[in-house]
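Both backbone and side-chain heavy atoms feed into the values below; hydrogens, waters and symmetry mates do not. One-based numbering along the sequence shown. A quick note: this is a predicted structure, and the numbers were derived from the prediction, not measured.
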Amino acid sequence: MQFYRKKFTQFFGILLLIASLQGCYTTDIELDGRTGLPKTKHQPIYLTRSELESSVKLLPSRPLKKTGKIYLYQNYLLINELYEGIHVFDNRNPRNPNPIGFIQIPANVDMAVKDGYLYVDNSVDLVTINIQNLPQIQITERLREVFPEGNLTTPPDGLGFTPDPDKGYVIGWK
């Protein structure tokens, strides 16, 4: 009899544990239709096609925050600010580079320089910028939809997200 009471107590304890754990599992998580992952709580920041095409411009210098690639061009130091653009420094004194401007390029991650031209990604587009007369810049070419997904189609938390093409291009998150 002692044996059956012990087995019953163990069985009842396991059953009670299983029943209490069911309350910890929730099925009301909304899934993203494209990825099948739980939907993100972050909100995308969109630019329309016309806003994207007018978004590249030279602004006053600003502090470095989240930097990426670094490039030397003549006496200039170019430092990528991830997803925002490129800092331009006068580097004639490498011990003390002098900030001269910031090229705003939404959703920018990468850059290359050749023969006085800066090649950058601007969300889905490849943009060529003449930098031969820095601090003045001139956009010389824009190739549309070179990067079909863009750089920011995955939210910061890595969860599911399907962009709304009617709203434009994702250039950031809030």
Notebook entry, point to check: Do the side chains of V170 and S123 get nearer than 4.5 Å, heavy atoms only?
Noted result: no

Margin query: Regarding E84 and K66, does a basic nitrogen lie under 4.0 Å from an acidic carboxylate oxygen?
Written below: no

Margin query: Just verifying a value: how many Å separate I103 CD1 and I131 CD1, rounded to the nearest 0.5 Å?
Written below: 6.5 Å

Next item on the list: Please tell me if the side chains of V56 and I129 come closer than 4.5 Å, counting only heavy atoms from C-beta onward.
Entry: yes

Check: Are the side chain of T40 and the backbone N or O of P155 linked by a donor-acceptor pair below 3.5 Å?
Finding: no

Item checked: Minimum-distance pair of heavy atoms, taken over all atoms of Y76 and L134 -> OH-O, 3.2 Å

Check: Taking side chain as C-beta onward, heavy atoms only, is L118 less than 4.5 Å from L78?
Finding: yes

Margin query: Same cluster or not: Y71 versus I137, using hydrophobic residues (I, L, V, M, F, W, Y) connected whenever any side-chain heavy atoms lie under 4.5 Å apart?
Written below: yes

Next item on the list: Using a strict cut-off of less than 4.0 Å between a Lys/Arg side-chain nitrogen and an Asp/Glu carboxylate oxygen, indicate whether D110 and K69 qualify as a salt bridge.
Entry: yes

Next item on the list: Could you check if a side-chain atom of D164 sits within less than 4.5 angstrom of a side-chain atom of Y46, using non-hydrogen atoms only?
Entry: yes

Next item on the list: Could you tell me whether the side chain of K174 reaches within less than 4.5 Å of the side chain of H42, counting heavy atoms only?
Entry: no

Item checked: Note, E141 side chain near Y119 side chain (heavy atom, < 4.5 Å) -> no

Notebook entry, point to check: Nearest 0.5 Å, what's the CD1-NE2 distance between I70 and H87?
Noted result: 10.5 Å

Check: Could you give the distance from CG (N91) to CD1 (I100), rounded to the nearest 0.5 Å?
Finding: 10.5 Å

Next item on the list: State, yes or no, whether a side-chain contact exists between L152 and Y83 at a heavy-atom distance under 4.5 Å.
Entry: yes

Item checked: Any side-chain heavy-atom pair of I105 and I86 under 4.5 Å -> yes

Notebook entry, point to check: Are W173 and F161 close enough that their ring centers fall under 6.0 Å?
Noted result: yes

Next item on the list: Answer yes if V124 and I45 sit in the same cluster of Ile, Leu, Val, Met, Phe, Trp and Tyr residues linked by side chain heavy atoms under 4.5 Å apart, and no otherwise.
Entry: yes

Check: Rounded to the nearest 0.5 Å, how far does CD of Q104 lie from CZ of R62?
Finding: 7.0 Å

Next item on the list: Answer yes or no: is there an ion pair linking K39 with D157, defined by an N-O contact shorter than 4.0 Å?
Entry: no

Check: Is R144 paired with E53 through a side-chain N to carboxylate O contact shorter than 4.0 Å?
Finding: yes

Next item on the list: Name all residues meeting the side-chain contact (heavy atoms from CB on, under 4.5 Å) criterion together with R92; count only those two or more places apart in sequence or in a different chain, and write none if there are none.
Entry: N75, D90

Notebook entry, point to check: Do E145 and Y169 have side-chain N/O donor and acceptor atoms under 3.5 Å apart?
Noted result: yes

Check: Of all residues at least two apart in sequence or in a different chain, which pass the side-chain contact (heavy atoms from CB on, under 4.5 Å) check with L47?
Finding: E51, L52, S55, P106, I171

Check: Roughly how far apart are N122 CG and R142 CZ, rounded to 0.5 Å?
Finding: 4.5 Å

